[in-house]
Amino acid sequence: MKRPLAVLAFSGGLDTSFCVPWLREQGYDVVTATVNTGGFSPDDLEQIAARSAELGAAAHHSIDGSQMLWDLVVTYVIKGNVLRGGVYPLCAGPERVVQAMEVVKIARLYGADAVAHGSTGAGNDQVRFDLAVRVLMPEATIVTPIRDLGAQRAMEVEFLQARGFSVPEKVGRYSVNKGLLGTTTGGGETLDSWEHPPDSAFTDTTSTLDAPDTPTTLILSFDNGLPVALDGTPMPGLDIMAQLAEIGGAHGVGRGIHLGNTILGLKGRVAFEAPAALIAITAHKELEKLVLTKQQQFWKDHLADVYGNMLHEGLYFDPVMRDIEAMIDSSQQTVTGDVRVRLFKGHIHVEGCRSLYSLLDRKVGTYGEANKAWTGEEAAAFCKLYGLQSVLAHVTRQVETTTPA
């Protein structure tokens, strides 16, 4: 009798390593799939493939999802200036959308009976993976060994060692996720709202104490809201992000800690390093101030905040997300120009921006000086009418307080 087949989203870490033999013992043949969204080197991918074979997987697939992540997600994080809690550029969560999509493709290729992942029952990732699979492959069974068993890391180590599988001598204190938008670090000090991780916990950025004493100035060029060139050299978005990550990281740019609400209603805290995303968003936001109208900025920022929250919380496939993307895209038609930023000791400082679509037109008027668009008499009339209700409200309230009883 043919055994059922499960396709497992596989990172090669302790949790997903545990899942392979456990699934096999439950009667499944297992195919592993690793979707690289910017966090794995070629050597990493080779080691992950070897780990899959060691654990007894029937086959392994390695998929490069970086371009898909850029196209579907990162572009809207930048165009939307998306910062959850005002600080966090959604480093890890959006990757799960792309990873789930690619894992489902593999599952369909094999005609798999089940899709499996190694998420726990406490975090956000279980929601992201489950929702994506239910949308994209509703007929598949979702198998989640770690969540179903409530497995602890010590139990997983014991399980693997009892079956003769290698386990790293030291399980790290932190859970680290690297991707195109940045690196997140959880565990240790992040579990206490008063504590702060040491410099050694940050792997991609230099401490501000050790950062260069000389700043670096960059010119980031945008077209329709997306970065297209760095210091005058055109290059693909993925290459720009890689350059910004390297240069920004060297200056200690991009470190932060996000404290917020998890999808399940708990409070969560994570340290992150996202120099590329934060440089791009900071520059993009300044360019928008120059070229968008007041109402464009207000409504676009409002909807982009909704978009970012839904994206983070696993609701990428809700149709309203495509509606919001259409609005964001429409708002970016004039977000074209150059932004000059200075990186120094962990800070991103915008020095200037320019655009053919600039609404800061010296031929019309300069803030605080004379203008050519209206007369002094017209300006006085505007001032009188603009605050009329405020004046009337103040007068009526004065009458109420001075009228004898």
Side-chain angles (χ1 to χ4, degrees), residues 1-13 15-37 39-40 45 48-49 52 55-73 76 90 92-121 123-149 151 177 179 263-264 310-323 325:
M1 183 176 177
K2 182 181 177 182
R3 286 161 58 96
L5 176 68
V7 174
L8 169 68
F10 185 72
S11 68
D15 290 338
T16 56
S17 291
F18 167 86
C19 289
V20 177
W22 188 89
L23 286 166
R24 294 180 68 233
E25 292 183 12
Q26 304 310 305
Y28 285 99
D29 286 332
V30 181
V31 170
T32 55
T34 299
V35 184
N36 183 15
T37 48
F40 295 129
L45 294 172
I48 291 170
S52 172
L55 294 165
H60 175 74
H61 293 263
S62 181
I63 305 105
D64 187 350
S66 297
Q67 188 64 53
M68 179 184 287
L69 181 65
W70 169 262
D71 292 339
L72 297 185
V73 175
Y76 287 100
L90 310 187
E95 296 178 6
R96 308 302 179 232
V97 173
V98 170
Q99 290 165 350
M101 291 171 73
E102 292 293 345
V103 168
V104 165
K105 286 181 184 178
I106 299 298
R108 288 202 174 281
L109 179 67
Y110 280 88
D113 304 281
V115 174
H117 59 84
S119 302
T120 71
N124 291 328
D125 282 344
Q126 60 176 325
V127 179
R128 296 164 181 148
F129 274 116
D130 279 20
L131 283 178
V133 174
R134 291 185 186 282
V135 169
L136 300 172
M137 197 174 178
E139 70 276 18
T141 300
I142 300 173
V143 184
T144 56
I146 307 300
R147 178 174 67 188
D148 295 345
L149 297 171
N177 183 92
I263 301 172
L264 278 69
M310 292 184 67
L311 176 62
H312 181 77
E313 296 184 357
L315 295 172
Y316 175 82
F317 295 101
D318 192 295
V320 75
M321 296 291 275
R322 310 292 82 77
D323 300 332
E325 287 170 353

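Not measured: the values here are computed from a predicted model. When reading the values below, keep in mind they use all heavy atoms of this one structure, side chains included, and skip hydrogens, waters and symmetry mates.
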Requested in this report: For Val320, enumerate each residue passing the side chain to side chain contact (heavy atoms under 4.5 Å, CB included) test, keeping only those at least two apart in sequence or located in another chain.
Outcome: Met310, Asp318, Asp323, Ile324
Report summary line: Sorted by chain and residue number, the side chain to side chain contact (heavy atoms under 4.5 Å, CB included) partners of Ala107 (sequence neighbours excluded) come out as Val7, Ala112, Val115, Met137
Nearest heavy-atom neighbours spanning [X] and [Y]:
X      : Y      : value
Val20  : Ala57  : CG1-N, 4.0 Å
Gly123 : Leu264 : O-CD1, 3.7 Å
Ile106 : Ala33  : CG1-CB, 4.4 Å
Leu131 : Gly314 : CD1-O, 3.3 Å
Gly39  : Asn36  : N-OD1, 3.2 Å
Met321 : Leu315 : CG-O, 3.4 Å

[X] side chain to [Y] backbone, donor-acceptor under 3.5 Å:
X      : Y      : answer
Arg3   : Arg24  : yes
Gln126 : Ser119 : no
Arg96  : Ala132 : no
Ser52  : Thr32  : no
Asp113 : Leu5   : yes

Distance (rounded to the nearest 0.5 Å) between [X] [atom1] and [Y] [atom2]:
X      : Y      : atom1 : atom2 : answer
Ser62  : Leu45  : OG    : CG    : 4.0 Å
Leu23  : Phe18  : CG    : CZ    : 9.0 Å
Asp15  : Thr144 : CG    : OG1   : 11.5 Å
Ile48  : Phe40  : CD1   : CZ    : 4.0 Å
Leu311 : Leu90  : CG    : CG    : 5.5 Å
Ser17  : Phe10  : OG    : CZ    : 4.5 Å

**Report entry** Listed partners of Arg134 passing salt bridge (Lys or Arg N to Asp or Glu O under 4.0 Å), at least two apart
**Finding:** none
Report task. Return the set of residues passing salt bridge (Lys or Arg N to Asp or Glu O under 4.0 Å) with Arg147 (not counting sequence neighbours), or none when no residue passes. Result -> Asp130
Query - side chain to side chain contact (heavy atoms under 4.5 Å, CB included) evaluation trace for Trp22 with Leu149 - result: CA-CA 11 Å; Trp22 188 89; Leu149 297 171; 3.4 Å; yes
Close side-chain approach of [X] to [Y], heavy-atom, < 4.5 Å:
X      : Y      : result
Leu72  : Val97  : no
Glu313 : Arg128 : no
Asp29  : Pro4   : no

**Report entry** Listed partners of Thr34 passing side chain to side chain donor-acceptor pair (under 3.5 Å), at least two apart
**Finding:** none
Query raised in the report: Does the ring center of His61 lie less than 6.0 Å from the ring center of Tyr110?
Result: yes
Report task. Kindly write out the residues that satisfy ring-ring contact (aromatic ring centres under 6.0 Å, His included) with Tyr28, not counting sequence neighbours, or none if the list is empty. Result -> none
Requested in this report: Check the side chains of Glu95 and Thr37 for a donor-acceptor pair under 3.5 angstrom, ignoring hydrogens and angles.
Outcome: yes
Query raised in the report: Going by the angle between their ring planes, with limits at 30° and 60°, are His117 and Phe129 parallel, tilted or perpendicular?
Result: parallel
Query raised in the report: Is there a side chain to side chain contact (heavy atoms under 4.5 Å, CB included) between Tyr316 and Val135 once you walk through the steps?
Result: CA-CA 10 Å; Tyr316 175 82; Val135 169; over 6 Å; no
